[in-house]
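Worksheet: one structure, shown below.
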Amino acid sequence: MPDITIVEVGPRDGLQNEKRIVPTEDKLALIELLRAAHLPRLEVTAFVSPKWVPQMADHEAVLSGTPPAEGLIRSVLVPNERGALSALAIGVDELAVFTSASETFAQKNINCSIAESIERFRPIAALARRHGVRLRGYVSCTVDCPYEGPIAPEAAARVATALEELGCVEISLADTIGRATPEGVDAMLAASTTELASSKLACHFHDTSGLALDNVDVALGHGIRIFDSAVGGLGGCPYAPGAAGNLSTLPLVLHLEGKGFSTGVNVACLREAEAFAIRLRG
Ligand code: HMG
Ligand code: MG
């Protein structure tokens with residue numbers, strides 16, 4: 001077992017923010033390269049409304065084109081029961097629900113309040129249990145919000161706890177706009193790890209300010225061993241103005257391995273995937 005688990009979100013968080021719609025066959029080719037690099041967790045697409053995120057409109061074809069494999073967890077983002085049902089009908093290993101520590105961001109991104117989002121996720125949690133698939137939860141804007149500014153660390157911890165109570169086996173704490181400082185991340189993780197075991201938490205950094213790897217180091221200090229990243233540093237959120245790319249997978253892997261942590265990732269194959277991902281940028 002590697003020391004660190006990398007959750008590759010490039011095919012979803014990366015490509016959802018590209019101006020051009022990446023053809024399905026290119027998405028599948030990218031996923032194949034990521035599989036070859038032995039990334040153990042792939043967030044392949046989002047079963048969201050194509051009216052809201054046209055870049056993910058081919059979600060059924062992308063999931064269908066990503067067959068199960070030993071040691072691989074294929075995850076998809078689902079905003080509601082409808083998305084979960086569609087993904088389960090095809091076959092998936094993990095459903096990922098997503099809400100926010102900021103009320104305004106929840107409204108802008110999923111058109112409901114935080115409390116409403118938790119209620120919306122209950123049938124998804126029941127489906128995940130019934131189908132024996134993992135349930136992951138995201139908390140966006142855990143440190144900063146593009147609309148509300150700084151977010152109280154306790155607000156992030158509260159929403160993470162609500163997701164855990166719902167049945168999420170893992171909660172990813174996100175710096176959605178990539179402007180969090182190491183001090184802000186430290187305060188947010190201090191609050192979250194007071195409520196939840198660090199083994200249940202992941203960190204999801206965007207890299208707008210070039211501080212994502214510093215924030216990884218802070219998270220390592222809090223016992224976090226699961227990190228989300230996107231190949232080639234693709235990404236952003238269409239409903240988070242100013243959100244730049246995700247933390248890039250290759251520098252993350254090299255940073256962690258340089259510190260003596262194993263990741264299980266094949267770096268030569270990851271380089272190939274990165275070169276391909278960069279070519280997909282609009
Ligand atoms: P709504 O407009 O309130 O809901 O959207 P609605 O039920 O009225 O649906 C609107 C339309 O979408 C309808 O179509 C539905 O049928 C359809 P119409 O009848 O008008 O033709 N629809 C769907 N289609 C396919 N699959 C579905 C689905 N649901 C409805 N599952 C809703 C509410 C939640 C659906 C919408 O707000 C939405 O899809 N939001 C997703 C936004 C999004 O994907 N944002 C980016 C991902 S989050 C992120 O990037 C952050 C993260 O990376 C962590 C971080 O960095 O912070 C995870
Ligand atoms: Mg993100």
Side-chain angles (χ1 to χ4, degrees), residues 7-18 43-63 75-90 92 94-102 104-114 116-121 123-124 127 136-147 151 156 159-160 163 168 170-180 185 188 202-208 212 215 227-230 233-249:
V7 180
E8 170 60 51
V9 297
R12 193 279 304 171
D13 204 351
L15 299 182
Q16 75 181 10
N17 207 42
E18 286 303 310
E43 196 173 77
V44 294
T45 186
F47 280 70
V48 297
S49 165
K51 290 204 166 142
W52 283 65
V53 185
Q55 290 88 341
M56 296 285 111
D58 60 351
H59 43 239
E60 292 193 343
V62 171
L63 181 58
S75 185
V76 297
L77 217 58
V78 290
N80 51 23
E81 188 178 15
R82 173 174 167 185
L85 284 167
S86 306
L88 288 166
I90 294 168
V92 73
E94 180 182 86
L95 300 172
V97 293
F98 54 109
T99 184
S100 169
S102 151
T104 313
F105 185 73
Q107 290 291 350
K108 299 270 186 192
N109 196 42
I110 48 176
N111 208 20
C112 65
S113 69
I114 298 168
E116 284 165 345
S117 71
I118 300 291
E119 290 313 308
R120 206 181 261 183
F121 299 156
I124 303 177
L127 280 169
R136 182 177 220 236
Y138 278 101
V139 187
S140 287
C141 299
T142 57
V143 184
D144 267 296
C145 168
Y147 307 102
I151 297 294
V159 179
L163 288 174
C168 292
E170 180 177 302
I171 294 109
S172 181
L173 301 166
D175 173 23
T176 309
I177 51 169
R179 297 200 190 279
V185 171
M188 181 275 288
C203 279
H204 176 110
F205 295 120
H206 287 252
D207 204 15
T208 317
N215 291 335
F227 292 98
D228 301 356
S229 61
L234 296 172
C237 173
Y239 296 99
N246 287 78
L247 169 57
S248 181
T249 306

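For reference, positions follow the sequence shown, starting with 1. Both backbone and side-chain heavy atoms feed into the values below; hydrogens, waters and symmetry mates do not. All ligand and atom numbering here is 1-based and tracks the order in the structure.
For the pair Asn17 and Gln55, the tightest heavy-atom approach, listed with the atom from each and the gap, is C-NE2, 4.5 Å. In this structure, Ala180 and Asp175 approach most closely via the heavy-atom pair N-OD2, 3.0 Å. In terms of heavy-atom proximity, Ala101 sits nearest to Ala156 at CB-CA, 3.8 Å. The nearest pair of heavy atoms linking Ile177 to Pro241 is CG2-O, 3.9 Å. When all heavy atoms are compared, the tightest approach of Glu170 to Ala202 is OE2-CB, 4.1 Å. A pairwise comparison of heavy atoms in Glu43 and Ala96 identifies OE2-CB, 4.2 Å as the closest pair.
With a heavy-atom cut-off of 4.0 Å, Thr176 touches ligand 1 through backbone and side chain alike. Contacts with ligand 1 closer than 4.0 Å are made by side-chain heavy atoms of Trp52 only, the backbone lying farther away. Residue-level proximity to ligand 1 for Met56 is absent, since no heavy atom of it falls below 4.0 angstrom. Contacts of Ala174 with ligand 1, taken as heavy-atom pairs under 4.0 Å, involve the side chain alone. With a heavy-atom cut-off of 4.0 Å, Ser140 touches ligand 1 through backbone and side chain alike. Here Gln107 has no heavy atoms under 4.0 Å from ligand 1, in either its backbone or its side chain. With a heavy-atom cut-off of 4.0 Å, Asp13 touches ligand 1 through its side chain alone. If you look at Asn80 next to ligand 1, the close heavy atoms, those under 4.0 Å, all belong to the side chain. At a 4.0 Å heavy-atom cut-off, ligand 1 does not touch Gln55 at all.
Of the possible donor and acceptor atoms, none in the side chain of Asp144 sits under 3.5 Å from a partner among the backbone N and O of Gly178. One N or O on the side chain of Ser248 and one on the backbone of Gly233 form a donor-acceptor pair closer than 3.5 Å. A donor-acceptor pair under 3.5 Å links the side-chain atoms of Asn80 to the main chain of Gly83, judged by distance alone. Tyr147 places no side-chain N or O within 3.5 Å of a backbone atom of Lys108 that could act as its donor or acceptor partner.
For His206 atom NE2 and Asp13 atom OD2, the angle they make at the Mg ion (ligand 2) is roughly 100°, to 10 degrees.
Looking at ligand 1, you won't find any N or O of Val139 less than 3.5 Å from one of its N or O atoms. Where the criterion is an N or O separation shorter than 3.5 Å, residue side chain and backbone included, His59 fails it with respect to ligand 1.
With Val76 as reference, Val44 is the one residue of Val62, Val44, Leu88 to meet the side chain to side chain contact (heavy atoms under 4.5 Å, CB included) rule.
For the atom pair Cys112 SG and Arg120 CZ, the distance stands at 3.5 Å (nearest 0.5 Å). In this structure, Glu81 CD and Ser86 OG are separated by 10.5 Å, a value rounded to the nearest 0.5 Å. Here Leu85 contributes atom CG and Leu95 contributes atom CG; the two are 9.5 Å apart, rounded to the nearest 0.5 Å. Rounding to the nearest 0.5 angstrom, the gap separating the CG atom in Leu247 from the SG atom in Cys203 is 10.5 Å. Taking SG of Cys145 as the start and CZ of Phe105 as the end, the distance is 7.5 Å to the nearest 0.5 Å.
Regarding atom 12 (O) of ligand 1, its nearest protein heavy-atom neighbour is Ser49 OG, 2.7 Å. Among all protein heavy atoms, the one lying closest to atom 18 (P) of ligand 1 is Lys51 NZ, 3.1 Å. The nearest protein atom to atom 27 (C) of ligand 1, hydrogens excluded, is given as Phe47 O, 3.7 Å; this is a heavy-atom distance. Considering only non-hydrogen protein atoms, atom 43 (C) of ligand 1 sits nearest to Val53 CG2, 3.5 Å. Scanning all protein heavy atoms for the shortest distance to atom 26 (N) of ligand 1 gives Val48 O, 3.5 Å. In terms of protein heavy atoms, atom 50 (O) of ligand 1 is closest to Gln16 NE2, 2.8 Å.
For atom 4 (O) of ligand 1, the protein comes within 4.0 Å by no heavy atom at all. Protein heavy atoms come within 4.0 Å of atom 57 (O) of ligand 1. Protein heavy atoms are found less than 4.0 angstrom from atom 40 (N) of ligand 1. Under the 4.0 angstrom criterion, atom 7 (O) of ligand 1 counts as lacking any protein heavy-atom contact.
For the residue pair Ser117 / Thr99, a side-chain donor-acceptor distance below 3.5 Å is found, with atom types taken as modelled. No side-chain donor from either of Ser113 and Gln107 sits under 3.5 Å from a side-chain acceptor of the other.
Contact atoms of ligand 1 toward Pro79: 34 (C) (distance under 4.0 Å to a heavy atom of the residue). Near Arg120, with a cut-off below 4.0 Å to any heavy atom, the atoms of ligand 1 are 34 (C). Heavy-atom contacts of Leu77 reach the following atoms of ligand 1: 47 (C) (cutoff under 4.0 Å). Near Ile110, meaning under 4.0 Å from any of its heavy atoms, are these atoms of ligand 1: 33 (C), 34 (C), 37 (O). Residue Asn109 has at least one heavy-atom neighbour below 4.0 Å for each of these atoms of ligand 1: 37 (O), 40 (N), 41 (C), 42 (C), 43 (C), 45 (N), 46 (C), 48 (S). The contact set between ligand 1 and Asn111, taken as ligand atoms under 4.0 Å from a residue heavy atom, comprises 1 (P), 2 (O), 3 (O). Near Gly83, meaning under 4.0 Å from any of its heavy atoms, are these atoms of ligand 1: 31 (N). For ligand 1, the atoms sitting less than 4.0 Å from at least one non-hydrogen atom of Arg12 are 47 (C), 49 (C), 50 (O), 52 (C), 53 (O), 58 (C), numbered in the order shown with element in parentheses.
Residue Pro50 places a heavy atom under 4.0 Å from ligand 1.
Of all N/O/S atoms in His204, NE2 sits nearest the Mg ion (ligand 2).
With sequence neighbours left out, the side-chain contact (heavy atoms from CB on, under 4.5 Å) criterion links His204 to Val9, Arg12, Asp13, Tyr138, Ser172, Ala174, His206, Asp228, Asn246.
Between the choices His206, Glu60, Arg82, the shortest heavy-atom distance to atom 16 (O) of ligand 1 belongs to Arg82.
The Mg ion (ligand 2) has no N, O or S atom of Asp228 closer than 2.8 Å.
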